[in-house]
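Handing you this structure, nothing more for now.
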Amino acid sequence: MRSQPMIILGEDSQRVQDKDAQEHNISAARAVAEAVRTTLGPKGMDKMLVDSMGDVTITNDGVTILKEMDIDNPTAEMIVEVAETQEDEAGDGTTTAVALAGELLKNAQELIEQEIHPTAIIRGFSMAADRAREEIDDIAESVDPEDTDVLQQVAETTMTGKGTEVNKEFLAELVVEAVRAVTVESEDGGNVVDLEYVNIETQTGRSAGESELLDGGVISKDPVQENMPTDVEDASVLLLNEPIEVEETDASAEISLSNPDQLQNFLDQEDSRLREKVDQIEDIGADVVFCQKGIDDLAQHILAKKGILAVRRTKQSDVGFLSEVLDASVVSDLDSASSEDLGQGSVRRDEGDELFYVEGASEESHGVTLLIRGSTDHVVDELERGITDALDVVSQTASDGRVLAGGGAVEVELASRLRRYADSVEGREQLAVESFADAFELVPRVLAENAGLDPIDTLVDLRSAHDNGRGRAGLDVFSGDIEDTFEAGVVEPAHAKGQAISSAAESANLVLKIDDIIAAGDLSTEGDDEGGAPGGGMGGMGGMGGMGGMT
Ligand code: ADP
Ligand code: MG
């Protein structure tokens with residue numbers, strides 16, 4: 001019956017349609033989810049990623065893993081975006097979001113095999129996601145945003161498993177203090193947290209337990225000359241975004257000199273221009289200069305003689321932060337600078353760490369610095385990721401005040417509520433809503449699995465606890481017990497969970513909507529040969545193929 005198909009594609013291009021297209025995409029997306037699930041929870045394992053330059057990252061953080069992996073598959077990249085959105089919107093919960101998206105797609109595939117049309121699945125998933133978010137509003141516990149105990153628990157829950165084990169309590173305290181230092185009451189009586197005013201500085205060499213929360217900023221630079229003062233109380237600080245150098249003559253400019261006097265003259269002029277600049281600095285009353293640009297040798301010398309502390313090539317972000325700390329302007333033209341541009345405060349030098357501590361004295365000064373210490377770069381980097389996540393979730397809790405019981409408790413509760421909701425849903429969408437409910441149970445299953453516990457037993461116990469009205473029953477991965485995780489202090493912010501559900505559902509739907517893949521080149525890369533997912537070709541991740549076999 002069919003007429004001859006018209007060929008409109010180039011010779012090398014490939015086309016996959018309908019079920020094959022869905023299968024192809026789902027496999028690729030699932031391969032990504034599989035790659036991060038072993039890191040979920042406090043007992044999750046870390047991954048070591050080596051980039052093409054040989055640089056090593058060791059992490060447990062979902063979004064970091066996916067960003068560092070050299071993923072070369074368009075569908076897989078869509079799942080990576082889930083993690084990135086989650087990171088931007090919530091700061092934590094990236095592994096959960098990606099694992100959930102993978103599980104949704106796995107369940108969708110089963111429905112497709114039962115001849116349920118993707119559009120019905122997509123509709124059902126959207127209904128389920130909306131409902132789940134409503135249920136979260138109902139399940140969430142409202143806590144006093146000023147309650148530091150809860151904030152501390154939220155911080156600890158986020159940081160567990162991120163290299164913070166030994167010093168978890170202490171580091172969580174620092175995070176809570178940092179957030180509280182930058183929390184202000186808004187006009188409507190709520191709290192506003194401005195994390196811009198929390199600066200993170202890392203130092204290798206000492207232990208994490210020696211990390212500190214400091215008022216003000218720190219600058220990891222040396223003075224330009226050794227004979228400058230290093231500790232200045234009641235300092236007037238100039239932040240300068242202009243070099244203290246004579247302007248470079250244009251590369252093409254030519255100066256013709258006919259006798260040695262002229263040369264001397266020219267050099268003298270340069271010197272006097274430099275002296276003038278230093279005089280300007282002195283005249284407006286600065287005794288400390290943090291310069292973003294370079295400082296000429298002669299200028300350094302004169303500054304030292306005048307007893308002015310000068311630092312060159314200060315990072316732009318540090319200068320920006322110091323302007324908040326000191327309530328100072330950043331001066332970009334000395335000629336128009338005045339004493340009003342200066343900031344007041346104190347500057348202290350720590351010779352051992354080669355750091356300047358800068359504290360503001362004005363009423364208007366803002367800003368604290370979390371100085372994170374750790375023995376090696378890898379340790380410090382992972383600590384920093386954990387602490388950044390914790391800052392985000394603690395600030396959400398401090399402004400929003402809604403939290404949930406972790407350890408899979410909220411997921412099991414959502415699954416059970418969605419199943420009840422499914423009964424009221426007509427048509428094939430009902431099956432999709434049920435699939436969505438099932439997908440939530442991935443979280444407690446994987447938490448158990450990663451802790452070396454039996455996932456099936458755990459799930460059965462959790463389900464029966466929730467059926468008996470214990471809505472906050474979750475898994476304590478350390479004891480293996482089912483308990484009220486909220487009481488046990490495993491607490492997550494509601495905002496992050498809601499976001500994880502939305503982004504997982506949206507990306508799953510995006511993948512499901514595709515029924516036609518037209519590629520200009522070859523679709524199936526090496527993933528095929530390794531028995532992995534069809535087309536799950538992950539450039540640079542030779543091991544990915546083997547992961548397709550997991551369920
Ligand atoms: P994500 O990237 O999704 O934040 P994590 O590896 O940080 O992934 O793991 C988060 C999960 O670990 C959450 O479901 C949280 O409730 C759970 N969790 C954290 N601490 C505990 C604990 N002590 N016991 C059980 N589960 C925990
Ligand atoms: Mg986390």
Side-chain angles (χ1 to χ4, degrees), residues 85-94 133-134 136-160 164 168-201 211-217 320-321 323-325 327 359-360 362-372 384-406 410 472 485-487 489-502:
T85 313
Q86 181 69 18
E87 177 74 7
D88 292 346
E89 298 292 323
D92 189 27
T94 53
R133 291 191 62 137
E134 285 168 30
I136 282 185
D137 292 340
D138 185 52
I139 299 169
E141 309 272 346
S142 290
V143 294
D144 178 2
E146 308 276 320
D147 182 348
T148 41
D149 287 346
V150 178
L151 298 181
Q152 171 89 17
Q153 289 169 347
V154 170
E156 284 185 32
T157 303
T158 298
M159 287 197 294
T160 355
T164 55
K168 190 167 74 177
E169 248 169 75
F170 168 67
L171 293 171
E173 259 166 48
L174 291 188
V175 167
V176 172
E177 267 178 62
V179 170
R180 294 193 49 83
V182 298
T183 306
V184 288
E185 201 163 298
S186 69
E187 279 164 17
D188 58 12
N191 282 336
V192 182
V193 185
D194 199 338
L195 285 184
E196 296 251 311
Y197 296 144
V198 180
N199 179 36
I200 296 185
E201 183 71 33
S211 300
E212 295 169 74
L213 178 68
L214 303 158
D215 257 331
F321 193 72
S323 84
E324 295 294 346
V325 165
D327 187 29
E359 223 174 288
S362 138
E363 291 268 311
E364 296 295 308
S365 55
H366 299 287
V368 292
T369 295
L370 260 173
L371 182 59
I372 305 173
E384 185 180 357
R385 284 186 283 268
I387 285 177
T388 332
D389 284 2
L391 281 171
D392 280 327
V393 296
V394 170
S395 78
Q396 279 164 36
T397 312
S399 46
D400 175 45
R402 292 178 324 131
V403 291
L404 298 163
V410 59
R472 303 193 304 203
T485 45
F486 187 82
E487 289 297 322
V490 181
V491 182
E492 300 180 57
H495 168 82
K497 196 63 79 184
Q499 179 64 45
I501 294 170
S502 302

Task: Donor-acceptor contact present, side-chain N191 to main-chain T183, <3.5 Å - done: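 It does not hold such a pair.
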Task: Shortest non-hydrogen contact from E169 toward E156 - done: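 Here E169 and E156 meet closest at CG-OE2, 3.3 Å.
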Task: Flag side-chain contact, heavy atom, 4.5 Å: T157 against V393 - done: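 No, every pair of side-chain atoms sits at 4.5 Å or beyond.
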Open item on the list: Has Q86 got a side-chain atom pairing as donor or acceptor with A496's backbone, closer than 3.5 angstrom?
Closed with: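 Checking the backbone N and O of A496 against the side chain of Q86, a donor-acceptor pair under 3.5 Å is found.
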Task: Atom pair CD/CD of Q152 and E177 - distance to nearest 0.5 Å - done: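 Here the rounded value is 9.5 Å.
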- [ ] Could you tell me whether the side chain of H495 and the main chain of E89 form a donor-acceptor pair under 3.5 Å?
- [x]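 Checked: pair present.
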Task: CZ-CG distance between R385 and D92, expressed to the nearest 0.5 angstrom - done: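 Reported to 0.5 Å precision, the distance equals 13.5 Å.
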TODO: Check whether any side-chain heavy atom of E173 lies under 4.5 Å from a side-chain heavy atom of T148, and answer yes or no.
DONE: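 Sidechains of T148 and E173: no contact.
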Task: Euclidean distance, T158 OG1 relative to K168 NZ, rounded to 0.5 Å - done: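 Output value for this atom pair is 10.5 Å.
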Task: Distance (rounded to the nearest 0.5 Å) between D194 CG and S399 OG - done: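 Answer rounded to 0.5 Å: 11.0 Å.
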- [ ] Please report the shortest heavy-atom distance between A405 and T485, naming the atom on each side.
- [x]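 Where A405 meets T485 most closely, the heavy atoms are CB-OG1, 3.4 Å.
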Open item on the list: Do V184 and Y197 make a side-chain contact, defined as non-hydrogen atoms from C-beta onward lying under 4.5 Å apart?
Closed with: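 The answer is no; the side chains never approach within 4.5 Å.
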Open item on the list: A quick test of your reading: do over 12 heavy atoms of other residues, nucleotides or ligands sit less than 6.0 Å from CD of E212?
Closed with: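 Yes, CD of E212 has more than 12 neighbouring heavy atoms, counting only those of other groups under 6.0 Å.
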- [ ] Check whether any side-chain N or O of E492 sits under 3.5 Å from a backbone N or O of V403 as a donor-acceptor pair, and report yes or no.
- [x]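 Pair absent, no side-chain N/O of E492 close to backbone of V403.
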- [ ] Taking all heavy atoms of A155 and all of V394, pick out the closest pair and write down the distance.
- [x]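 For A155 versus V394, the nearest heavy atoms are CB-CG2, 3.6 Å.
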Open item on the list: Show, in sequence, the C-alpha distance, side-chain angles and deciding distance for D137 and R402, and conclude whether the side chain to side chain contact (heavy atoms under 4.5 Å, CB included) test is met.
Closed with: CA-CA 8 Å; D137 292 340; R402 292 178 324 131; 2.9 Å; yes
- [ ] Mind checking the CG-CD spacing from N199 to E324? Nearest 0.5 Å is all I need.
- [x]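 Interatomic distance, N199 CG to E324 CD, rounded to 0.5 Å: 11.5 Å.
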Task: Where M159 and A390 come nearest, the two heavy atoms and their spacing - done: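 Minimum heavy-atom contact is CG-CB, 3.7 Å.
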Task: Minimum heavy-atom distance I136-A494, with the two atoms named - done: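 That would be CG2-CB, 4.1 Å.
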Task: Heavy-atom donor-acceptor pair, T397 side chain to P493 backbone, under 3.5 Å - done: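 No, T397 side chain to P493 backbone: no donor-acceptor pair under 3.5 Å.
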Task: Residue pair L151, V179: steps toward the side chain to side chain contact (heavy atoms under 4.5 Å, CB included) verdict - done: CA-CA 9 Å; L151 298 181; V179 170; 5.7 Å; no
Open item on the list: Before you tell me yes or no, could you show the steps for D392 and L195 under side chain to side chain contact (heavy atoms under 4.5 Å, CB included), namely the whole-Å CA-CA distance, both residues' side-chain angles and the distance that decides it to 0.1 Å?
Closed with: CA-CA 8 Å; D392 280 327; L195 285 184; 3.5 Å; yes
Task: side chain to side chain contact (heavy atoms under 4.5 Å, CB included) between V175 and I387, intermediate numbers included - done: CA-CA 7 Å; V175 167; I387 285 177; 4.0 Å; yes
- [ ] Please say whether more than 12 non-hydrogen atoms of neighbouring residues, nucleotides or ligands are located less than 6.0 Å from CD in E141.
- [x]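 Buried by this count: over 12 neighbours within 6.0 Å.
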Side chains of residues 363-372: which donor-acceptor pairs under 3.5 Å do they make with residues two or more places apart or in other chains?
residue: S365; atom: OG; partner: S362; partner atom: O; Å: 2.8
residue: T369; atom: OG1; partner: G216; partner atom: O; Å: 2.6

Task: Pairwise distance CD(E384) to CG(D389) - rounded to 0.5 angstrom - done: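 Separation between the atoms: 11.0 Å.
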